[in-house]
Amino acid sequence: MTRLPVIIAGGGIGGLAAALGLARKGFAVIVLERASEIAEIGAGIQIAPNAFHCFDYLGVGDEARACAVYIDSLRLMNAVDGSAIATIPLQQEFRQYFGNPYAVVHRADLHGVLLNACRQSELIQLHSLHRVRSYRQDGETVQVECEDGVILQGMALIGADGLRSDVRQQLVGDGEPRVSGHSTYRSVIPFEQMPEDLRWNAATLWAGPKCHIVHYPLKGWKLFNLVVTYHNHVEEAVAGKPVSKDEVRQGFEHICERAQQIIEHGDDWKLWVLCDRDPILNWVDGRVALLGDAAHPMLQYFAQGACMALEDSVCLAQHFEAQAGDVARALDHYQRQRRVRTARVQLDSRLIGDYIYHPDGAIAELRDHLMSNMSPQQWYDKLDWLYGSSGLEHPGALHVT
Ligand SMILES: Cc1cc2nc3c(=O)[nH]c(=O)nc-3n(C[C@H](O)[C@H](O)[C@H](O)COP(=O)(O)OP(=O)(O)OC[C@H]3O[C@@H](n4cnc5c(N)ncnc54)[C@H](O)[C@@H]3O)c2cc1C
(Lines give C-alpha, C1' and ligand atoms only; values in the text may rest on other atoms or scores of the structure.)
Protein backbone atom coordinates (compact mmCIF):
# COMPACT_ATOMS: atom_id res chain seq x y z
CA MET A 1 0.00 0.00 0.00
CA THR A 2 1.27 3.49 -0.86
CA ARG A 3 2.10 5.49 2.23
CA LEU A 4 -0.09 8.57 2.75
CA PRO A 5 1.62 11.97 2.99
CA VAL A 6 2.18 13.98 6.15
CA ILE A 7 0.04 17.12 5.95
CA ILE A 8 1.50 20.33 7.36
CA ALA A 9 -0.68 23.37 8.09
CA GLY A 10 1.42 26.52 7.62
CA GLY A 11 4.27 27.49 5.30
CA GLY A 12 6.29 29.61 7.74
CA ILE A 13 9.83 28.78 8.86
CA GLY A 14 8.53 25.96 11.07
CA GLY A 15 6.24 24.38 8.48
CA LEU A 16 8.82 24.43 5.69
CA ALA A 17 11.61 23.13 7.93
CA ALA A 18 9.36 20.29 9.06
CA ALA A 19 8.50 19.47 5.45
CA LEU A 20 12.16 19.39 4.51
CA GLY A 21 13.12 17.28 7.52
CA LEU A 22 10.42 14.70 6.81
CA ALA A 23 11.16 14.58 3.08
CA ARG A 24 14.82 13.95 3.84
CA LYS A 25 13.70 10.89 5.77
CA GLY A 26 11.66 9.67 2.78
CA PHE A 27 8.17 10.85 3.78
CA ALA A 28 5.87 12.54 1.28
CA VAL A 29 4.59 15.91 2.54
CA ILE A 30 1.81 18.33 1.61
CA VAL A 31 2.16 21.88 2.96
CA LEU A 32 -1.08 23.88 3.12
CA GLU A 33 -0.61 27.63 3.53
CA ARG A 34 -3.50 30.01 4.22
CA ALA A 35 -1.96 33.05 2.49
CA SER A 36 -1.92 33.64 -1.26
CA GLU A 37 1.86 33.37 -1.24
CA ILE A 38 4.25 31.28 0.81
CA ALA A 39 6.45 34.10 2.12
CA GLU A 40 7.86 35.94 5.16
CA ILE A 41 7.64 39.56 6.30
CA GLY A 42 10.40 41.97 5.26
CA ALA A 43 12.30 42.27 8.52
CA GLY A 44 15.39 40.84 10.16
CA ILE A 45 15.84 37.85 12.40
CA GLN A 46 18.66 36.74 14.68
CA ILE A 47 19.80 33.18 14.18
CA ALA A 48 21.76 31.45 16.94
CA PRO A 49 24.08 28.44 16.56
CA ASN A 50 21.37 25.99 17.64
CA ALA A 51 19.35 27.00 14.56
CA PHE A 52 22.38 26.68 12.27
CA HIS A 53 22.89 23.15 13.64
CA CYS A 54 19.32 22.48 12.44
CA PHE A 55 19.97 23.96 8.99
CA ASP A 56 22.94 21.60 8.74
CA TYR A 57 20.72 18.67 9.69
CA LEU A 58 18.23 19.73 7.01
CA GLY A 59 21.01 19.86 4.40
CA VAL A 60 20.84 23.64 3.83
CA GLY A 61 23.43 24.90 6.32
CA ASP A 62 25.69 26.40 3.65
CA GLU A 63 22.78 28.20 1.98
CA ALA A 64 21.59 29.61 5.33
CA ARG A 65 25.10 30.74 6.26
CA ALA A 66 25.54 32.33 2.82
CA CYS A 67 22.67 34.82 3.29
CA ALA A 68 23.64 35.87 6.82
CA VAL A 69 25.48 38.94 8.09
CA TYR A 70 28.15 37.87 10.58
CA ILE A 71 28.01 40.36 13.40
CA ASP A 72 31.02 40.64 15.72
CA SER A 73 29.09 40.90 18.96
CA LEU A 74 25.87 41.14 20.91
CA ARG A 75 25.96 44.53 22.62
CA LEU A 76 23.88 45.64 25.58
CA MET A 77 23.70 49.41 26.17
CA ASN A 78 22.11 51.34 29.02
CA ALA A 79 19.52 53.48 27.22
CA VAL A 80 19.26 55.98 30.09
CA ASP A 81 22.91 57.06 30.38
CA GLY A 82 24.18 55.72 27.05
CA SER A 83 26.90 53.56 28.63
CA ALA A 84 27.91 50.12 27.40
CA ILE A 85 26.83 47.37 29.82
CA ALA A 86 28.08 44.20 28.18
CA THR A 87 29.49 42.78 24.96
CA ILE A 88 29.40 39.12 23.99
CA PRO A 89 32.01 38.48 21.28
CA LEU A 90 30.78 36.27 18.44
CA GLN A 91 33.98 35.72 16.50
CA GLN A 92 36.30 32.75 16.21
CA GLU A 93 36.17 31.68 19.86
CA PHE A 94 32.39 31.75 19.93
CA ARG A 95 32.12 29.75 16.70
CA GLN A 96 34.59 27.19 17.93
CA TYR A 97 32.78 26.84 21.23
CA PHE A 98 29.33 26.33 19.69
CA GLY A 99 30.26 24.79 16.31
CA ASN A 100 28.31 27.42 14.36
CA PRO A 101 27.97 31.22 14.15
CA TYR A 102 25.45 33.67 15.59
CA ALA A 103 24.21 35.80 12.70
CA VAL A 104 21.45 38.12 11.49
CA VAL A 105 19.46 37.41 8.35
CA HIS A 106 16.67 38.96 6.34
CA ARG A 107 13.60 36.82 6.99
CA ALA A 108 12.70 36.53 3.33
CA ASP A 109 16.19 35.21 2.53
CA LEU A 110 16.08 32.62 5.29
CA HIS A 111 12.57 31.52 4.41
CA GLY A 112 13.71 31.45 0.76
CA VAL A 113 16.46 28.94 1.60
CA LEU A 114 13.84 26.56 3.00
CA LEU A 115 11.35 27.28 0.23
CA ASN A 116 13.90 26.59 -2.52
CA ALA A 117 14.91 23.33 -0.92
CA CYS A 118 11.24 22.30 -0.55
CA ARG A 119 10.56 23.18 -4.20
CA GLN A 120 13.48 21.00 -5.27
CA SER A 121 12.16 17.98 -3.38
CA GLU A 122 9.96 15.59 -5.32
CA LEU A 123 8.38 14.50 -2.07
CA ILE A 124 7.02 17.95 -1.11
CA GLN A 125 3.88 19.62 -2.51
CA LEU A 126 3.22 23.24 -1.59
CA HIS A 127 -0.29 24.70 -1.79
CA SER A 128 -1.10 28.32 -0.99
CA LEU A 129 -4.64 29.63 -0.38
CA HIS A 130 -5.49 26.55 1.66
CA ARG A 131 -6.54 27.33 5.21
CA VAL A 132 -6.79 24.26 7.42
CA ARG A 133 -9.97 24.41 9.46
CA SER A 134 -10.34 21.07 11.22
CA TYR A 135 -9.31 17.44 11.31
CA ARG A 136 -10.78 14.01 12.01
CA GLN A 137 -8.88 10.80 12.60
CA ASP A 138 -9.69 7.11 12.82
CA GLY A 139 -6.52 5.55 14.22
CA GLU A 140 -5.13 4.82 10.74
CA THR A 141 -5.38 8.17 8.93
CA VAL A 142 -6.15 11.86 9.44
CA GLN A 143 -8.71 13.75 7.36
CA VAL A 144 -7.88 17.43 7.07
CA GLU A 145 -10.61 19.85 6.06
CA CYS A 146 -9.78 23.22 4.52
CA GLU A 147 -11.87 26.37 4.66
CA ASP A 148 -12.95 25.96 1.03
CA GLY A 149 -14.25 22.46 1.67
CA VAL A 150 -11.26 20.58 0.24
CA ILE A 151 -10.58 17.40 2.24
CA LEU A 152 -7.20 15.68 2.25
CA GLN A 153 -6.13 12.44 3.79
CA GLY A 154 -2.76 11.98 5.44
CA MET A 155 -0.83 9.73 7.79
CA ALA A 156 -0.39 12.71 10.16
CA LEU A 157 -1.20 16.40 10.52
CA ILE A 158 1.37 18.88 11.83
CA GLY A 159 -0.09 22.22 12.90
CA ALA A 160 2.69 24.71 12.12
CA ASP A 161 0.11 27.45 11.72
CA GLY A 162 1.54 30.01 14.09
CA LEU A 163 0.40 32.03 17.08
CA ARG A 164 -3.33 31.80 16.27
CA SER A 165 -3.24 28.20 15.12
CA ASP A 166 -6.54 26.71 13.97
CA VAL A 167 -5.16 23.23 14.61
CA ARG A 168 -4.36 24.25 18.19
CA GLN A 169 -7.89 25.49 18.70
CA GLN A 170 -9.23 22.02 17.98
CA LEU A 171 -6.42 20.16 19.73
CA VAL A 172 -5.97 22.30 22.86
CA GLY A 173 -8.89 24.74 22.68
CA ASP A 174 -7.25 27.39 24.85
CA GLY A 175 -8.55 30.44 23.02
CA GLU A 176 -6.66 33.61 22.27
CA PRO A 177 -2.98 34.01 23.23
CA ARG A 178 -1.90 36.15 26.19
CA VAL A 179 -1.43 39.79 25.22
CA SER A 180 1.82 40.91 26.83
CA GLY A 181 1.09 44.65 26.77
CA HIS A 182 4.38 45.20 24.94
CA SER A 183 4.19 47.15 21.65
CA THR A 184 6.95 46.46 19.12
CA TYR A 185 7.54 48.77 16.17
CA ARG A 186 9.66 47.58 13.24
CA SER A 187 11.37 49.44 10.41
CA VAL A 188 13.99 48.44 7.86
CA ILE A 189 16.08 51.33 6.50
CA PRO A 190 18.82 51.72 3.89
CA PHE A 191 22.34 51.53 5.34
CA GLU A 192 23.05 55.24 4.53
CA GLN A 193 20.07 56.31 6.65
CA MET A 194 21.68 54.93 9.82
CA PRO A 195 23.95 57.53 11.53
CA GLU A 196 27.60 56.73 10.91
CA ASP A 197 28.49 56.45 14.58
CA LEU A 198 25.84 53.74 15.05
CA ARG A 199 26.71 51.54 12.08
CA TRP A 200 28.02 48.89 14.43
CA ASN A 201 28.68 45.34 13.33
CA ALA A 202 26.63 44.07 16.24
CA ALA A 203 23.12 43.20 17.30
CA THR A 204 22.75 46.14 19.66
CA LEU A 205 20.16 46.45 22.37
CA TRP A 206 19.52 49.71 24.26
CA ALA A 207 17.73 48.74 27.49
CA GLY A 208 15.65 51.35 29.32
CA PRO A 209 12.81 51.42 31.86
CA LYS A 210 9.81 49.79 30.15
CA CYS A 211 11.38 50.17 26.71
CA HIS A 212 14.20 48.99 24.51
CA ILE A 213 15.62 49.51 21.03
CA VAL A 214 17.40 46.93 18.85
CA HIS A 215 19.38 47.50 15.64
CA TYR A 216 21.59 45.43 13.38
CA PRO A 217 22.78 45.34 9.75
CA LEU A 218 21.07 43.17 7.15
CA LYS A 219 21.41 41.97 3.55
CA GLY A 220 25.17 42.34 3.13
CA TRP A 221 25.06 45.70 4.95
CA LYS A 222 22.59 47.23 2.49
CA LEU A 223 19.97 47.65 5.23
CA PHE A 224 19.56 48.20 8.96
CA ASN A 225 16.85 46.50 10.96
CA LEU A 226 15.28 48.65 13.70
CA VAL A 227 13.03 47.24 16.41
CA VAL A 228 11.62 49.53 19.09
CA THR A 229 9.60 48.14 22.00
CA TYR A 230 7.54 49.96 24.62
CA HIS A 231 5.81 48.19 27.54
CA ASN A 232 2.70 50.37 27.42
CA HIS A 233 0.20 47.82 28.77
CA VAL A 234 -2.02 47.82 25.70
CA GLU A 235 -4.63 45.10 25.82
CA GLU A 236 -5.43 44.47 22.19
CA ALA A 237 -3.28 42.23 19.96
CA VAL A 238 -2.08 43.87 16.71
CA ALA A 239 0.07 42.42 13.90
CA GLY A 240 1.83 44.56 11.30
CA LYS A 241 -0.31 47.72 11.53
CA PRO A 242 1.31 50.77 9.85
CA VAL A 243 1.80 53.58 12.39
CA SER A 244 3.18 57.15 12.41
CA LYS A 245 6.60 58.11 13.74
CA ASP A 246 4.82 60.22 16.37
CA GLU A 247 3.26 57.09 17.80
CA VAL A 248 6.63 55.31 17.92
CA ARG A 249 8.25 58.26 19.78
CA GLN A 250 5.84 57.97 22.71
CA GLY A 251 7.36 56.34 25.76
CA PHE A 252 10.99 57.06 24.89
CA GLU A 253 11.28 60.59 26.34
CA HIS A 254 13.18 59.31 29.38
CA ILE A 255 16.08 57.67 27.50
CA CYS A 256 19.26 59.37 26.27
CA GLU A 257 19.20 61.53 23.15
CA ARG A 258 21.46 59.19 21.17
CA ALA A 259 19.14 56.23 21.65
CA GLN A 260 16.00 58.33 21.07
CA GLN A 261 17.43 59.54 17.77
CA ILE A 262 17.40 55.99 16.37
CA ILE A 263 13.61 56.25 16.11
CA GLU A 264 13.97 59.36 13.93
CA HIS A 265 15.93 57.38 11.34
CA GLY A 266 13.17 54.79 10.85
CA ASP A 267 10.49 54.95 8.12
CA ASP A 268 7.28 53.09 7.45
CA TRP A 269 6.98 51.88 11.01
CA LYS A 270 4.72 48.90 11.65
CA LEU A 271 3.29 47.80 14.99
CA TRP A 272 2.98 44.38 16.61
CA VAL A 273 1.54 43.93 20.08
CA LEU A 274 3.43 40.93 21.37
CA CYS A 275 1.64 37.80 22.51
CA ASP A 276 2.71 34.49 23.97
CA ARG A 277 1.21 31.59 25.88
CA ASP A 278 2.01 29.63 29.02
CA PRO A 279 3.72 26.29 28.36
CA ILE A 280 1.33 23.33 28.14
CA LEU A 281 1.83 19.62 28.85
CA ASN A 282 0.19 18.24 25.74
CA TRP A 283 0.25 19.36 22.14
CA VAL A 284 -0.34 15.94 20.54
CA ASP A 285 -3.63 14.23 19.73
CA GLY A 286 -3.06 10.80 18.17
CA ARG A 287 -1.76 11.51 14.67
CA VAL A 288 -1.88 15.29 15.06
CA ALA A 289 0.81 17.52 16.64
CA LEU A 290 1.71 21.19 16.91
CA LEU A 291 5.06 22.73 16.01
CA GLY A 292 6.75 26.14 16.38
CA ASP A 293 4.62 29.09 17.50
CA ALA A 294 1.48 26.96 17.33
CA ALA A 295 2.91 24.79 20.12
CA HIS A 296 4.94 27.23 22.24
CA PRO A 297 4.67 30.90 21.18
CA MET A 298 7.09 33.12 23.05
CA LEU A 299 8.07 36.77 23.36
CA GLN A 300 10.99 37.64 21.08
CA TYR A 301 13.38 38.60 23.89
CA PHE A 302 15.58 35.52 23.62
CA ALA A 303 15.41 35.76 19.78
CA GLN A 304 14.58 32.05 19.76
CA GLY A 305 11.03 31.54 18.41
CA ALA A 306 12.14 30.57 14.91
CA CYS A 307 15.17 28.73 16.29
CA MET A 308 12.83 26.59 18.42
CA ALA A 309 10.58 25.93 15.40
CA LEU A 310 13.67 24.69 13.51
CA GLU A 311 14.66 22.47 16.43
CA ASP A 312 11.11 21.06 16.57
CA SER A 313 11.40 20.20 12.90
CA VAL A 314 14.60 18.19 13.13
CA CYS A 315 13.33 16.44 16.26
CA LEU A 316 10.09 15.53 14.49
CA ALA A 317 11.95 14.17 11.47
CA GLN A 318 14.25 12.15 13.67
CA HIS A 319 11.36 10.49 15.50
CA PHE A 320 9.42 9.78 12.31
CA GLU A 321 12.45 7.94 11.05
CA ALA A 322 13.17 6.18 14.34
CA GLN A 323 9.58 4.96 14.82
CA ALA A 324 9.36 3.75 11.22
CA GLY A 325 5.72 4.56 10.54
CA ASP A 326 4.28 4.36 14.07
CA VAL A 327 3.00 7.92 13.87
CA ALA A 328 1.34 8.23 17.27
CA ARG A 329 4.46 6.94 18.98
CA ALA A 330 6.73 9.23 16.96
CA LEU A 331 4.62 12.27 17.87
CA ASP A 332 4.52 11.32 21.52
CA HIS A 333 8.32 10.97 21.62
CA TYR A 334 8.67 14.26 19.75
CA GLN A 335 6.61 16.23 22.23
CA ARG A 336 8.23 14.60 25.25
CA GLN A 337 11.63 15.57 23.92
CA ARG A 338 10.69 19.15 23.11
CA ARG A 339 8.42 20.14 26.00
CA VAL A 340 10.84 21.04 28.77
CA ARG A 341 13.32 22.88 26.57
CA THR A 342 10.69 24.98 24.82
CA ALA A 343 8.91 25.74 28.11
CA ARG A 344 12.20 27.00 29.51
CA VAL A 345 12.75 29.30 26.54
CA GLN A 346 9.14 30.57 26.70
CA LEU A 347 9.45 31.52 30.37
CA ASP A 348 13.03 32.77 30.13
CA SER A 349 11.90 35.09 27.33
CA ARG A 350 9.45 36.76 29.71
CA LEU A 351 12.09 37.02 32.45
CA ILE A 352 14.63 38.55 30.07
CA GLY A 353 12.05 41.21 29.19
CA ASP A 354 11.35 42.03 32.85
CA TYR A 355 14.85 41.81 34.32
CA ILE A 356 17.25 42.66 31.49
CA TYR A 357 15.44 44.68 28.82
CA HIS A 358 12.95 46.78 30.80
CA PRO A 359 13.91 47.20 34.47
CA ASP A 360 14.34 50.49 36.30
CA GLY A 361 16.06 51.60 39.54
CA ALA A 362 17.75 48.99 41.72
CA ILE A 363 17.01 46.09 39.35
CA ALA A 364 18.58 47.96 36.44
CA GLU A 365 21.61 48.75 38.60
CA LEU A 366 21.93 45.09 39.57
CA ARG A 367 21.66 44.08 35.90
CA ASP A 368 24.43 46.50 34.95
CA HIS A 369 26.64 45.29 37.79
CA LEU A 370 26.21 41.58 37.11
CA MET A 371 26.36 41.70 33.34
CA SER A 372 29.27 44.12 33.03
CA ASN A 373 31.43 41.81 35.13
CA MET A 374 31.02 38.71 32.97
CA SER A 375 33.88 37.44 30.81
CA PRO A 376 33.23 36.01 27.31
CA GLN A 377 33.90 32.52 28.67
CA GLN A 378 31.28 33.02 31.38
CA TRP A 379 28.75 34.12 28.75
CA TYR A 380 29.49 31.10 26.59
CA ASP A 381 29.13 28.72 29.53
CA LYS A 382 25.85 30.36 30.51
CA LEU A 383 24.42 30.03 27.00
CA ASP A 384 25.71 26.52 26.36
CA TRP A 385 22.43 24.76 27.29
CA LEU A 386 20.74 26.71 24.49
CA TYR A 387 23.24 27.40 21.71
CA GLY A 388 25.25 24.22 22.22
CA SER A 389 22.33 21.96 21.38
CA SER A 390 19.88 21.44 18.58
CA GLY A 391 17.27 20.08 20.94
CA LEU A 392 17.94 16.53 19.80
CA GLU A 393 18.46 13.90 22.46
CA HIS A 394 21.57 12.68 20.70
CA PRO A 395 23.41 15.74 19.36
CA GLY A 396 25.98 13.32 17.97
CA ALA A 397 23.42 12.46 15.29
CA LEU A 398 23.78 15.97 13.89
CA HIS A 399 26.09 16.95 11.13
CA VAL A 400 27.72 20.04 12.61
CA THR A 401 30.34 21.82 10.53
C1 LIG B 1 9.25 41.31 16.70
C2 LIG B 1 9.68 39.88 16.61
C3 LIG B 1 11.02 39.57 16.50
C4 LIG B 1 11.43 38.23 16.46
N5 LIG B 1 12.76 37.95 16.36
C6 LIG B 1 13.18 36.67 16.36
C7 LIG B 1 14.57 36.37 16.26
O8 LIG B 1 15.42 37.27 16.19
N9 LIG B 1 14.95 35.06 16.24
C10 LIG B 1 14.03 34.03 16.32
O11 LIG B 1 14.43 32.85 16.30
N12 LIG B 1 12.70 34.31 16.40
C13 LIG B 1 12.26 35.58 16.41
N14 LIG B 1 10.92 35.85 16.47
C15 LIG B 1 9.95 34.74 16.54
C16 LIG B 1 9.70 34.12 15.18
O17 LIG B 1 9.32 35.11 14.25
C18 LIG B 1 8.60 33.06 15.26
O19 LIG B 1 8.78 32.27 16.41
C20 LIG B 1 8.61 32.17 14.04
O21 LIG B 1 8.40 32.93 12.88
C22 LIG B 1 7.55 31.08 14.16
O23 LIG B 1 7.49 30.34 12.98
P24 LIG B 1 6.26 29.39 12.70
O25 LIG B 1 6.53 28.76 11.38
O26 LIG B 1 6.02 28.51 13.88
O27 LIG B 1 4.99 30.36 12.63
P28 LIG B 1 4.67 31.52 11.59
O29 LIG B 1 5.90 32.19 11.13
O30 LIG B 1 3.62 32.36 12.24
O31 LIG B 1 4.04 30.76 10.35
C32 LIG B 1 2.73 30.24 10.39
C33 LIG B 1 2.21 30.12 8.96
O34 LIG B 1 0.97 29.44 8.98
C35 LIG B 1 0.04 30.12 8.16
N36 LIG B 1 -1.29 29.77 8.68
C37 LIG B 1 -1.92 30.28 9.77
N38 LIG B 1 -3.07 29.63 9.97
C39 LIG B 1 -3.18 28.69 9.00
C40 LIG B 1 -4.13 27.69 8.70
N41 LIG B 1 -5.22 27.49 9.47
N42 LIG B 1 -3.93 26.88 7.63
C43 LIG B 1 -2.83 27.04 6.85
N44 LIG B 1 -1.88 27.99 7.08
C45 LIG B 1 -2.04 28.77 8.17
C46 LIG B 1 0.42 31.58 8.28
O47 LIG B 1 -0.05 32.32 7.17
C48 LIG B 1 1.95 31.47 8.31
O49 LIG B 1 2.50 31.47 7.03
C50 LIG B 1 10.46 37.18 16.53
C51 LIG B 1 9.11 37.50 16.62
C52 LIG B 1 8.72 38.83 16.66
C53 LIG B 1 7.25 39.13 16.78
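In each ligand, atom 1 is the first atom listed, and ligand 1 is the first ligand listed.
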Closest protein heavy atom to [atom], given as residue, atom name and distance to 0.1 Å:
atom	result
atom 42 (N) of ligand 1	V132 N, 2.9 Å
atom 12 (N) of ligand 1	A306 N, 3.1 Å
atom 27 (O) of ligand 1	G162 CA, 3.8 Å
atom 26 (O) of ligand 1	D293 N, 2.9 Å
atom 39 (C) of ligand 1	D161 CB, 3.4 Å
atom 17 (O) of ligand 1	R107 NH2, 2.8 Å
atom 31 (O) of ligand 1	G12 CA, 3.6 Å
atom 45 (C) of ligand 1	R34 CB, 3.5 Å

Does [atom1] in [X] sit with more than 12 non-hydrogen atoms of other residues, nucleotides or ligands closer than 6.0 Å?
X	atom1	value
Y70	OH	yes
E253	CD	yes
E122	CD	no
R136	CZ	no

Within the 4.0 Å heavy-atom shell around [X], which atoms of ligand 1 are there?
X	result
I13	25 (O)
H130	42 (N), 43 (C)
D166	40 (C), 41 (N)
C307	11 (O)

Only residue of Y102, Y387, Y380, W379 satisfying ring-ring contact (aromatic ring centres under 6.0 Å, His included) with Y97 is Y380
I'd like to know if the side chain of H111 and the backbone of G11 have a donor-acceptor N/O pair within less than 3.5 Å. yes
From the candidates [options], the one that places a heavy atom nearest [atom]:
atom	options	answer
atom 48 (C) of ligand 1	H296, R164, E33, R186	E33
atom 23 (O) of ligand 1	G14, G240, G292	G14
atom 32 (C) of ligand 1	A39, S165, A160, G10	A160
atom 9 (N) of ligand 1	E40, Q300, Q46	Q46

Can you list the steps and then say if D166 with R133 is a salt bridge (Lys or Arg N to Asp or Glu O under 4.0 Å)? CA-CA 6 Å; D166 289 296; R133 267 301 193 196; 3.5 Å; yes
Between L126 and E33, does the side chain to side chain contact (heavy atoms under 4.5 Å, CB included) criterion hold? Intermediate values first, please. CA-CA 8 Å; L126 302 165; E33 165 58 46; over 6 Å; no
Residue portion contacting ligand 1 (non-hydrogen atoms closer than 4.0 Å) for R131: both
Side chains of Q346 and D276: is there a donor and an acceptor less than 3.5 Å apart? no
Using a plain distance cutoff, I'd like to know if A303 has any nitrogen or oxygen under 3.5 Å from a nitrogen or oxygen of ligand 1. yes
Look at the aromatic rings of H127 and H130 and report parallel, tilted or perpendicular, splitting at 30° and 60°. tilted
In this structure, which one of W206, F252, Y301 forms a side chain to side chain contact (heavy atoms under 4.5 Å, CB included) with H212? Y301
